[in-house]
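Everything on this sheet refers to the single structure shown next.
Atom set for the values below is all heavy atoms of this structure, side chains included, hydrogens, waters and symmetry mates excluded. All chains are named by letter (A, B, ...) in the order of the sequence lines, taking the proteins before the strands, and each is independently numbered beginning at 1.
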Amino acid sequence: MSSAAIEKPNRRDFLYIATAAVGAVGVGGVVWPLIDQMNPDASTLALSSIEVDLAPIAEGQIVTVKWRGGPVFVRHRTKKEIDDAVNTPLAGLRDPQTDQARVKKPEWLIVSGVCTHLGCVPLGHEGQYDGWKCPCHGSVYDTSGRIRQGPAPLNLPVPEYAFLSETRVKIG
Amino acid sequence: MSGSPTYVPKSALGRWFESRLPIMGLVHSSFVAFPVPRNLNYLWTFGAILAFMLGAQIVTGIILAMHYVPSATLAFASVEHIMRDVNYGWLIRYLHTNGASMFFLAVYIHMFRGIYYGSYKAPREVLWILGVIIYLLMMATAFMGYVLPWGSMSFAGATVITNLFTAIPLVGTGVAHWLWGGYAVGDPTLNRFFSLHYLLPFMIVGVVILHVWALHVAGQNNPDGVEVQNVERDTVAFTPYATIKDLFGVSIFLILYAWFVFYIPTYLLDADNSVPANPLVTPAHIVPEWYLLPFYAILRAIPNKLVGVVALAAAIILLAFLPWLDTSKVKSGKYRPAFRIFFWLFVVCCVGLGYLGSQEVSDTTTWIARILAIGYFGFLVVALPVLGLIERTKPLPASIADAVLAKTKPAEAAAPPASR
């Protein structure tokens with residue numbers, strides 16, 4: 001082989017690069033629909049909101065409603081549960097958030113019912129803090145749905161919701 | 001009676017065909033004349049047992065797919081329909097569900113065999129890695145198959161396993177939504193799992209072909225871990241010696257399989273899976289199928305989500321690196337007294353983790369699981385590399401023939417292998 005004689009790029013090199021570039025774009029254009037078809041489809045995206053009647057939910061009761069295929073907890077909190085949540089010092093929390101930041105009205109806590117560890121549905125009125133306890137891997141949430149013990153990294157998320165009236169709430 | 005080493009077609013048609021597609025010659029050289037070490041024990045019949053189980057799962061699976069409906073509203077009822085209405089549907093479904101367990105039982109024995117006898121060492125590294133890929137594909141297939149009946153444990157299993165991906169920083173949730181085709185496990189998830197559950201076994205077949213190909217390039221390892229030096233003295237022909245022995249091994253294994261299917265068909269199933277899936281309720285005590293329990297225990301033993309998922313993945317992926325983690329030049333555990341102790345401790349760790357994975361979480365089980373998980377990883381990344389450097393191994397036999405003949409009487413020692 002001859003030593004490092006650097007040749008000037010010629011028309012052949014240009015054609016190779018141009019062909020490869022167009023080919024890459026073409027392959028990408030074909031592959032993307034094959035991947036994207038697995039994402040949530042139009043009918044799934046359309047099911048974006050539900051309305052919940054709060055009137056029949058007694059104080060202390062937790063109701064599970066289905067929103068976007070998964071559970072949402074609507075909890076009518078007692079005075080003690082609200083006080084416990086409000087009086088928890090933030091310093092000890094894994095995902096620090098005040099109780100006020102997680103509710104619109106203190107007596108109504110609305111949180112996703114999907115454990116932030118691996119997606120099981122936690123059981124209400126269980127665990128050391130009387131909030132929720134996940135049966136799968138033992139994550140414990142308090143009466144504000146905040147993570148207190150176990151492997152879950154985050155608080156139960158608060159979905160977007162708005163009070164339509166005193167007794168009616170729209171989730172999503 | 002080992003027959004001709006090369007294939008000679010006996011008929012004119014055979015000669016005509018062989019000169020156009022030499023497939024009979026390939027079969028002959030791979031499964032008839034192929035030389036196998038003469039010292040193989042019954043642990044070497046598990047390759048054939050696994051091939052049989054793969055075939056059995058594909059046949060029963062294709063039949064089940066004729067009657068099953070992959071829809072969240074109809075799947076559970078269609079499985080009940082198979083159990084109650086379809087002719088012999090109960091038999092075919094029990095063969096398939098218990099077949100999965102038998103498949104894993106055989107693969108675990110096959111893998112522990114490979115570890116004990118150092119079958120992953122040069123020149124069989126690629127052979128071993130192909131095996132690890134088959135194992136990964138098996139786990140994916142079994143997991144998706146478990147989701148199909150759409151019982152409450154199916155749903156919880158699908159939720160937990162797909163949620164493992166949410167541990168990935170930034171893109172995790174997007175990946176999970178992409179896998180689900182929604183915001184939670186649902187109808188689209190079930191449909192695609194059915195599609196993939198049908199596809200993956202054929203991918204396993206493809207990798208099995210590569211696995212057997214790699215095996216036939218390197219030749220089989222053997223209980224003494226010394227390579228074949230003299231084909232005449234050290235080996236026997238695959239047919240009839242290995243063929244008949246494999247058939248006998250498969251037959252014994254079939255007795256165990258049949259015992260499960262006919263006497264305790266639901267022993268390995270979970271009662272909670274006889275309850276239809278409900279996205280709003282998770283069963284009080286969720287457990288994966290037995291063959292995934294050790295990894296589940298490792299996941300639960302770690303209090304941090306991301307680290308737990310990484311450890312779970314590492315526990316499986318590390319197996320692919322065994323050829324380089326194990327620094328000993330001596331293959332067989334027969335000649336490695338210190339390795340033997342650690343090997344059995346490793347087995348105890350695996351079985352112990354499996355047991356703990358089936359139990360409810362408590363502080364005690366978590367701590368024992370942590371100790372056993374340290375044992376599991378310790379064997380792979382500490383014991384294997386260090387043992388190779390410090391262990392005093394026993395002297396190896398000069399050849400396979402010497403190892404075999406040392407066990408027999410001197411008078412027989414002179415006899416050639418073919419007359420045995």
Side-chain angles (χ1 to χ4, degrees), chain A residues 32 34-50 62-74 94-95 112-124 126-127 132-140 147-154 157 159-160 171-172, chain B residues 72 152 155-167 169 172-189 191-192 195-196 272 278-288 296-297 299-309 312 360-363 365-366:
Chain A
W32 176 245
L34 303 182
I35 294 172
D36 189 44
Q37 52 79 25
M38 279 176 66
N39 272 316
D41 61 26
S43 69
T44 306
L45 295 171
L47 299 169
S48 58
S49 70
I50 55 160
I62 304 172
V63 165
T64 308
V65 296
K66 195 172 173 184
W67 176 61
R68 300 208 305 194
V72 169
F73 297 138
V74 179
R94 185 177 304 167
D95 181 11
S112 154
V114 177
C115 181
T116 58
H117 182 227
L118 294 173
C120 297
V121 183
L123 303 171
E126 296 266 344
W132 284 271
K133 184 174 185 200
C134 185
C136 296
H137 308 91
S139 293
V140 176
I147 180 66
R148 301 298 289 269
Q149 272 178 9
L154 298 170
E160 207 176 286
I171 300 173
Chain B
S152 56
F155 190 89
T159 300
V160 168
I161 300 294
T162 50
N163 262 291
L164 294 176
F165 292 93
T166 62
T173 309
V175 170
H177 288 172
W178 177 73
L179 288 171
W180 297 331
Y183 299 104
V185 172
D187 200 37
T189 325
N191 249 297
R192 62 192 54 176
S195 170
L196 294 173
D272 274 319
N278 178 356
L280 303 186
V281 180
T282 302
H285 178 45
I286 72 156
V287 276
Y296 185 64
L299 173 76
R300 287 203 307 195
I302 294 168
N304 178 292
K305 180 175 172 179
L306 180 60
V307 179
V309 174
L312 168 80
E360 289 197 45
V361 193
S362 74
D363 286 346
T365 61
T366 305

Would you say that more than 12 heavy atoms from the other residues, nucleotides or ligands in this model lie under 6.0 Å from the CG of A:D36, or not? yes

B:Y183: which residues meet the ring-ring contact (aromatic ring centres under 6.0 Å, His included) condition with it, sequence neighbours left out? B:H177

Identify which of B:I286, B:L280, B:T159 forms the greatest number of heavy-atom pairs closer than 4.5 Å to chain A. B:L280

State, yes or no, whether a side-chain contact exists between A:C120 and B:V160 at a heavy-atom distance under 4.5 Å. yes

Residues B:N163 and A:G119: closest non-hydrogen pair is ND2-CA, 3.3 Å

Quick check on B:L306 against chain A: is it the side chain, the backbone, both or neither that has a heavy atom closer than 4.5 Å? neither

Could you look at B:P279 and say if it's the side chain, the backbone, both or neither that has a heavy atom under 4.5 Å from chain A? both

Where do A:I35 and B:W178 come nearest, in terms of heavy atoms and distance? O-NE1, 2.7 Å

At a 4.5 Å cut-off on heavy atoms, which part of B:A156 comes close to chain A: side chain, backbone, both, or neither? neither

Among the listed options A:C134, A:P135, A:G150, the residue most often paired with chain B at heavy-atom distances under 4.5 Å: A:P135

Correct closest heavy-atom pair for B:A184 and A:G69 would be CB-O, 3.7 Å

d(A:L118 CG, B:T282 OG1) to nearest 0.5 Å is 11.0 Å

Quick one, B:L299 with A:H137, criterion side chain to side chain contact (heavy atoms under 4.5 Å, CB included). Give me CA distance, side-chain angles, the key distance, then yes/no. CA-CA 9 Å; B:L299 173 76; A:H137 308 91; 4.3 Å; yes

What residues, two or more places apart in sequence or in another chain, satisfy side chain to side chain contact (heavy atoms under 4.5 Å, CB included) together with A:A152? A:C115, A:T116, A:H117, A:S139, A:Y141, A:I147

Let me know if A:V65 has heavy atoms under 4.5 Å from chain B in its side chain, its backbone, both or neither. backbone

